[in-house]
Structure formats: structure tokens, C-alpha cells
J.: 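Provided herewith is a single structure, encoded as C-alpha cells, for subsequent inquiry.
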Amino acid sequence: MKYSELGFWLKKSAEWVDGYYKRLKNKPVRPALSPGEFKALLPSSPPQSGEPIADIIADFERIVPDAMTHWQHPRFFAYFPANAAPASILAESFVNAMGAQAMLWQTSPAATEMEQVMVDWLRQALGLREGFTGTIHDTATTATFCAVLTMRERALNFKGLTEGTCGAPRLRIYASTQTHSSVDKSVRLSGIGQDNLIKIEVDQNLSMDATLLRCQIEADLAQGYIPAGVILCIGGTSIGASDNIAEIIAVSKEFNLYTHVDAAWAGSAMICPEFRQYWQGVDDADSIIFNAHKWLGAQFDCSVQFLADPTLQINTLGLRPAYLQTLDAEEVTNFNEWTVPLGRRFRALKLWFVMRAEGLDGLQDMIRNHVDWAQKLSYKFAQDSDYKVLTNCPFGLFTFQYCPNGQDTNEATKNLLNAINEDGRTYLTQTLVDEQFVIRVSVGPIACLEDDVMSVYKICKELQN
Ligand SMILES: *Cc1c(COP(=O)(O)O)cnc(C)c1O
């Protein structure tokens, strides 16, 4: 295929995109597919000679879309959303066309400078104080890993980078029992080790217990450990738990610990001033991560990290071998020095498109609708004696059980979830609350309407036995 043919086929692809979004709401959210079934449709070795692009596209249309889980479906209420706003899809197509690699300022000046401006637009949009700068990573996991490495090096006076962690004193990292597994992964990979991640129990508000945190830090110090950092959580993945940020940061500061706030999902809600009470005190954090690719609509991947003082992270992660040095090095930002990979995508463009196309008003309306509708839906379940709502978080995530008379609640709930997902009109996932199996509903697809949300209750009533 030649570059000269690209325009023609891109028009075809635009038509396909249009049709895809028109058909989407009538498709099952998840394909009825067994593992291995799709693989069997693909030839097991590559073609020796090139094939016409028309054939490749025809095969794509025939086999791929129906073997996908449709994250942009208006009734996708599983996990958390991974929204792709229309303006974001468009922006990504421009980025794709340029095939840019934004590792250095020189290798993509507009990408670097737009990233700086978009991080600042978002800082303002979320109501964060002046002074935070930041960068855009692929995922929250990468950002949390960067933060944990920074905690490690700050605690070891930047000696771990050269001497390794083998003979170093044992560090300690603290997080609540509600934090995401990316925290465990980061602590494992950083060389600090899982045993040195201390999970502090939460209080009745699902916030890390500040008294327990202080006791644990004091006990660790007495035993010769070096406390290095605290990872706080806003809108935890399981049931949306949030730490009392002001209280936990205050304890952390007493012991000079580095703080990282994981608001991967719920950070988007902070675009509405009324939700900012839930992360009050966040301006004192050292690092904050939120995934603009979850709720906000700047499609995957787009994880925005705010940093109070980027120097610590740059000193941890930055490296300038001769072949990466540029003559302008002192005047410019080379974002590869803020993260793990060298190569970087141009992720700021979709933020620019989405924030301009929707405006803060449009984004706020979307979030407020989702939260309202989630509350209405959970109220429906709460009113029905066949069901029990177990948790309800302020950002549009709740969990419920099916508890018909005379049946085991865990079994009945599992059976109902299986029936829902086999049915395909909506897609829900599960979690455990106090060892009990519950169904999670997370309202967030851009295209969903109130009816789509309320249909979850109707579908449950239809499928309950
Ligand atoms: C989704 C999520 C993550 C992980 O996000 P990735 O970007 O997929 O790494 C981490 N923490 C929380 C609270 C999340 O909701």
C-alpha cells in the first residue's frame, strides 16, 4: 500500500466509524465468544506476498468488531469506563497520521509544549493550586511506579540508583487496604518488596485510619526501618473508598514522607466543584495521578500526573546518554526524563480537542448526570426487597446483592451476574464486600442516557429467578 492511497482508505474508515457508532447500542456489550475461538479465524503464518488493502479491511469488518468488548457502548457499566469522546477519536486519528514520537522536545516540540499547557488546563479544571506541574503517562500504574521509585530514591539520598537496594536499609511504604493492585506491583518492582508495603486498615468511612498509620510509622522507626512514602486513594477501584486526604497528609508530613494520591478514576469528578470536598487537602500532596482516559473521555491512554516538585522524580528517572543530549537541554523539557519509557506518544492533542469541544460545562454536565443516574438506580434496588445495596460512593459507583428468600445470597448474586452477562444488553462486574459477593455498577459511558442506566434494574428483574 502507498501513502498516496491513504486518503481514499481513510474515507472508507471514516464511513465504518460512523456506522459502528450507529449500530453500537443494538449490539451486545460483550461478544459471546469462547477463548481461542477468534484465534482460529486467523492464518497461523504471515502472507509471503502483499494483499490488497480492500481484502484486509473486509476481513477486519467481518471478524474483529464482533469479537470485541465494546467499551463505548452506552450500557457498559463494568469496571470503570474507558471513554473515547468523539473529539478524542478525531484527535487520535491526527496523531496516528503523523506517527510522532515525543521523547524529547526536539523530536516533537508541539507535543511537549501542548502537554505542559494541557496539564495546566487540567490543574485549573480540577481546582488544584498553582505550582503543580506534571506530565502525561500511559497508565496510572506507570505513574504510581514512578512515584514509588521517587519515594525510594528520596529516602536513600539517591544512592539506590547506583548502589542498588541490596545493602540498603529496609524502606516502608504505607497505603490503605482499599488501594489498587498497581501499588503492590510498584512496590514489588521497585525493589522495596511487598513485605514492606504496609496496608493500614480503614475506618468506618473507608479512609485509612490515621491513628493506626502513626502507630505503624513509629513502630517501624523504632525497629530501624526507613518510612519512605504514603499512597493515598480517592475513589478506590473496588467500592470507591476514599482516604481523608488532609488528615493522612498531615501525618505523613510529620514524618517527612512523600505522598502520592491515586485518584485514577474519581479524579475526573473533581472537574465539578461540589466533589472537591472529597479530596480536601490534596494541594499538599507531592504527586497526584488521575486517568483522563477513564471518565473524562481523552481515550486510552492518558494518565495525568501532577507534581509539586518534579525535580525529585526527574532526578530519579532522568538519564542523558550522549545520543540523547541536545544543545538546548537546559532550556527545554524532555518528558522522557519524567517517566519510565524513553519513547512517548503525543497524548496532549486529544485533551486539547476534548476540552475545547466539550468545554468544562459539557464535561461537568456529563459527570453530574452519571452520578445522578447512578443514585437513582441504586435507589431502585434499595427499594426492592429482593435486593440489597451494600455500598454507595459519591462518584456514581455502587454495589448490590440479590437476596431472594430461601436462597443463598452469594450463589443467587453470582447466578444473576452470569445471567446478565450472558444476556449481553449490559455488562457488569463483581467485587467482594466483607467477604460477600456483590455486583458492581459503575456509571460512566459518554453515550449513556438515563434510560440506559435504569435498564439495569429492568434487566435484573427480567433475569432474576
Ligand atoms: C484504574 C485504576 C488504576 C490503574 O489504572 P491503569 O491506568 O490501568 O494503570 C489504579 N488505581 C485506581 C484507583 C484505578 O481506578
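For the single chain, residues carry numbers from 1 onward in sequence order. From a predicted model like this one, the values you see are computed outputs, not experimental measurements.
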J.: Once you round to the nearest 0.5 Å, how far does OG1 of T399 lie from CG of L428?
T.: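 Here the interatomic distance stands at 12.0 Å.
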
J.: Backbone N or O of R129 within a donor-acceptor pair of the D283 side chain at under 3.5 Å?
T.: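 It does hold such a pair.
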
J.: Donor-acceptor pair, distance only, cut-off 3.5 Å: does the side chain of T144 make one with the backbone of A140?
T.: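 Looks like yes, one N/O pair under 3.5 Å.
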
J.: Would you check if the side chain of Q216 reaches a backbone N or O of I200 as a donor-acceptor pair within less than 3.5 Å?
T.: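 Such a contact is absent between Q216 side chain and I200 backbone.
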
J.: Answer yes or no: does atom CD of Q280 have more than 12 heavy-atom neighbours from other residues, nucleotides or ligands under 6.0 Å?
T.: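 Atom CD in Q280 is not crowded, with 12 or fewer foreign heavy atoms closer than 6.0 Å.
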
J.: Could you give the distance from CG (N334) to OG1 (T107), rounded to the nearest 0.5 Å?
T.: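 Going from CG on N334 over to OG1 on T107, the span is 8.0 Å.
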
J.: Tell me whether H293 contacts the main-chain N or O of C302 through its side chain, where contact means a donor paired with an acceptor under 3.5 Å.
T.: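 At least one qualifying donor-acceptor pair exists.
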
J.: Locate the shortest heavy-atom distance separating V453 from C448; write the atom from each residue and the value.
T.: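 Taking V453 first and C448 second, the nearest heavy atoms are CG2-SG, 3.9 Å.
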
J.: According to the interplanar angle, ranging from 0 to 90°, do the rings of Y79 and W71 count as parallel (below 30°), tilted (30 to 60°) or perpendicular (above 60°)?
T.: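 Ring orientation, 0 to 90° scale: parallel.
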
J.: Between R154 and Y258, is NZ or CZ placed under 6.0 angstrom from the six-membered ring centre and within 45° of the ring axis?
T.: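 No, cation not above the ring by the 6.0 Å, 45° rule.
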
J.: State, with a plain yes or no, whether a side-chain heavy atom of N336 is found less than 4.5 Å away from one of L104.
T.: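 Yes. Closest side-chain heavy atoms under 4.5 Å.
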
J.: Between N83 (side chain only) and G297 (backbone N and O only), is there a donor and an acceptor less than 3.5 Å apart?
T.: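 Such a contact is absent between N83 side chain and G297 backbone.
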
J.: Let me confirm one number: the CH2-CZ distance from W373 to R368, rounded to the nearest 0.5 Å.
T.: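 Result: 13.5 Å between the selected atoms.
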
J.: Any side-chain heavy atom of F346 sitting closer than 4.5 Å to one from Q101?
T.: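 Side-chain contact under 4.5 Å: no.
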
J.: Just by modelled atom types, is the L449 backbone N or O under 3.5 Å from a matching donor or acceptor in the D452 side chain?
T.: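 Present.
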
J.: Does the plane of the ring in F335 sit parallel, tilted or perpendicular to the ring in W338? Use 30° and 60° as the thresholds.
T.: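 Geometry flag for W338 against F335: perpendicular rings.
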
J.: Could you walk me through whether W105 and E113 satisfy the side chain to side chain donor-acceptor pair (under 3.5 Å) test, starting with their C-alpha distance in whole Å, then the side-chain angles of each, then the deciding distance to 0.1 Å, before giving a yes or no?
T.: CA-CA 8 Å; W105 179 86; E113 294 187 15; 2.6 Å; yes

J.: Have E337 and Q313 got a donor and an acceptor in their side chains that come within less than 3.5 Å?
T.: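 Side chains of E337 and Q313: no pair found under 3.5 Å.
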
J.: Is there a side-chain contact between E115 and R344 in this structure, where contact means two heavy atoms from C-beta onward sitting under 4.5 Å apart?
T.: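 The answer is yes, as the side chains (C-beta and beyond) meet within the 4.5 Å cut-off.
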
J.: Looking at OH of Y278 and CD1 of I234, how far apart are the two atoms once the value is rounded to the nearest 0.5 Å?
T.: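 Rounded to the nearest 0.5 Å, the OH-CD1 separation comes to 11.0 Å.
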
J.: Under 6.0 Å from the NZ atom of K199, do we count more than 12 heavy atoms belonging to anything else shown?
T.: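 Yes.
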
J.: Answer yes or no: is there a donor N or O on one side and an acceptor on the other, between the side chain of R276 and the main chain of M270, under 3.5 Å?
T.: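 Flag set: sc R276 to bb M270 pair under 3.5 Å.
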
J.: Compare every heavy atom of A228 with every heavy atom of M151, then report the nearest pair and how far apart it is.
T.: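 Closest pair (atom of M151, atom of A228, distance): O-CB, 3.8 Å.
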
J.: State, yes or no, whether a side-chain contact exists between L257 and I217 at a heavy-atom distance under 4.5 Å.
T.: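 Side-chain contact under 4.5 Å: yes.
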
J.: Tell me whether the guanidinium CZ or amine NZ of R123 lies under 6.0 angstrom from the six-membered ring centre of W121 and within 45° of its axis.
T.: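 No, cation not above the ring by the 6.0 Å, 45° rule.
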
J.: Evaluate T135 against T339 for side chain to side chain contact (heavy atoms under 4.5 Å, CB included), listing each step before the verdict.
T.: CA-CA 8 Å; T135 187; T339 188; 5.5 Å; no

J.: Check K253 with D284, please: is the shortest side-chain N to carboxylate O separation under 4.0 Å?
T.: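 Not counted as a salt bridge, because no side-chain N and carboxylate O are separated by less than 4.0 Å.
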
J.: Looking only at non-hydrogen atoms, find the nearest pair between A67 and P31 and report the distance.
T.: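 Distance-wise, the nearest heavy atoms are C-CG, 3.8 Å.
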
J.: Between F306 and F132, how do the two ring planes meet: parallel, tilted or perpendicular, split at 30° and 60°?
T.: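 Perpendicular, since the angle between the ring planes exceeds 60°.
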
J.: Starting at CD1 of I173, measure out to CG of L197 and round the result to the nearest 0.5 Å.
T.: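 That separation rounds to 7.5 Å.
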
J.: Relative to each other, are the rings of W295 and W265 parallel, tilted or perpendicular (30° and 60° limits)?
T.: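 W295 and W265: parallel rings.
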
J.: Grab the two heavy atoms, one from P65 and one from H70, that are nearest each other, plus how far apart they are.
T.: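 It is O-CE1, 3.1 Å.
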
J.: I'd like to know whether F77 forms a side chain to side chain contact (heavy atoms under 4.5 Å, CB included) with S442, so could you lay out the CA-CA distance, the side-chain angles of the two residues, the decisive distance to 0.1 Å, and finally the verdict.
T.: CA-CA 5 Å; F77 303 122; S442 153; 5.5 Å; no

J.: Do we see a donor-acceptor contact under 3.5 Å between the side chains of Q124 and D120?
T.: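 Side chains of Q124 and D120: pair found under 3.5 Å.
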
J.: Should the pair D184-R188 be classified as a salt bridge under the 4.0 Å nitrogen-to-oxygen rule?
T.: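 No, D184 and R188 are not salt-bridged.
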
J.: To check you understand the geometry: which heavy-atom pair defines the closest contact between I271 and P273, and what is its length?
T.: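 Minimum heavy-atom separation between I271 and P273: O-CD, 3.6 Å.
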
J.: Output, in order, the C-alpha distance, side-chain angles, deciding distance and verdict of side chain to side chain contact (heavy atoms under 4.5 Å, CB included) for T141 and F145.
T.: CA-CA 6 Å; T141 302; F145 185 46; 5.5 Å; no

J.: Identify the two heavy atoms, one from A147 and one from S287, that lie closest to each other, and give their separation to 0.1 Å.
T.: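 Taking A147 first and S287 second, the nearest heavy atoms are CB-OG, 4.2 Å.
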
J.: Are S207 and N205 linked by a side-chain donor-acceptor pair shorter than 3.5 Å?
T.: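 The answer is no; no qualifying pair exists.
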
J.: Does some side-chain heavy atom of M68 sit less than 4.5 Å from a side-chain heavy atom of V64?
T.: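 In short, these two side chains touch, coming nearer than 4.5 Å.
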
J.: Near E254 CD, under 6.0 Å, is it more than 12 heavy atoms from other residues, nucleotides or ligands?
T.: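 Yes, the 6.0 Å shell around CD holds more than 12 heavy atoms from other groups.
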
J.: Between H73 (side chain) and R75 (backbone), is there a donor-acceptor pair under 3.5 Å?
T.: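 Indeed, once roles are kept as given, a pair shorter than 3.5 Å links the two residues.
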
J.: With the threshold set at 4.0 Å, does a side-chain nitrogen-carboxylate oxygen contact exist between K159 and E153?
T.: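 No, K159 and E153 are not salt-bridged.
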
J.: Cation over ring, R170 on Y225, under 6.0 Å and within 45°?
T.: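 No; the conditions do not both hold, so R170 does not lie above the ring face of Y225.
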
J.: Verify salt bridge (Lys or Arg N to Asp or Glu O under 4.0 Å) between K22 and D18, making sure each step is shown before the conclusion.
T.: CA-CA 6 Å; K22 282 189 179 127; D18 196 39; 2.9 Å; yes

J.: Check whether any side-chain N or O of Q178 sits under 3.5 Å from a backbone N or O of L206 as a donor-acceptor pair, and report yes or no.
T.: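 It does not hold such a pair.
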
J.: Could you tell me if the side chain of V371 sits less than 4.5 Å from the side chain of V443, heavy atoms only?
T.: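 No; the side chains remain at least 4.5 Å from each other.
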
J.: Side chains of T333 and Q116: do they bring a donor and an acceptor to under 3.5 Å?
T.: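 Short answer, yes.
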
J.: Under the side chain to side chain contact (heavy atoms under 4.5 Å, CB included) test against I198, which residue among D220, V187, L213 passes?
T.: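 The option that passes is D220.
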
J.: More than 12 foreign heavy atoms under 6.0 Å from NZ of K185: is that the case here?
T.: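 No, because the 6.0 Å sphere around NZ of K185 holds 12 heavy atoms or fewer from other groups.
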
J.: Please check if any side-chain donor atom of Q299 sits under 3.5 Å from a side-chain acceptor atom of S88, or the reverse.
T.: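 Yes, a side-chain donor-acceptor pair sits under 3.5 Å.
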
J.: Can you find a pair of side-chain heavy atoms, one from V441 and one from L377, that are under 4.5 Å apart?
T.: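 Yes - at least one pair of side-chain heavy atoms lies under 4.5 Å apart.
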
J.: For the pair R30 (side chain) and N421 (backbone), establish whether a donor and an acceptor sit closer than 3.5 Å, ignoring hydrogens and angles.
T.: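 No.
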
J.: Can you measure from OG (S176) to CG (D209) and round to the nearest 0.5 angstrom?
T.: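 That separation rounds to 10.5 Å.
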
J.: Would you sort out whether M114 and L349 count as a side chain to side chain contact (heavy atoms under 4.5 Å, CB included), showing the intermediate values?
T.: CA-CA 7 Å; M114 190 178 282; L349 194 75; 3.9 Å; yes

J.: Can you tell me if T139 and S303 form a side-chain donor-acceptor pair at under 3.5 Å?
T.: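 Short answer, no.
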
J.: In the structure I gave you, are the side-chain heavy atoms of D262 and F290 within less than 4.5 Å of one another anywhere?
T.: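 No, too far: nothing below the 4.5 Å cut-off.
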
J.: Is the closest basic N to carboxylate O distance between D138 and R345 below 4.0 Å?
T.: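 So D138 does not pair with R345 through a salt bridge.
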
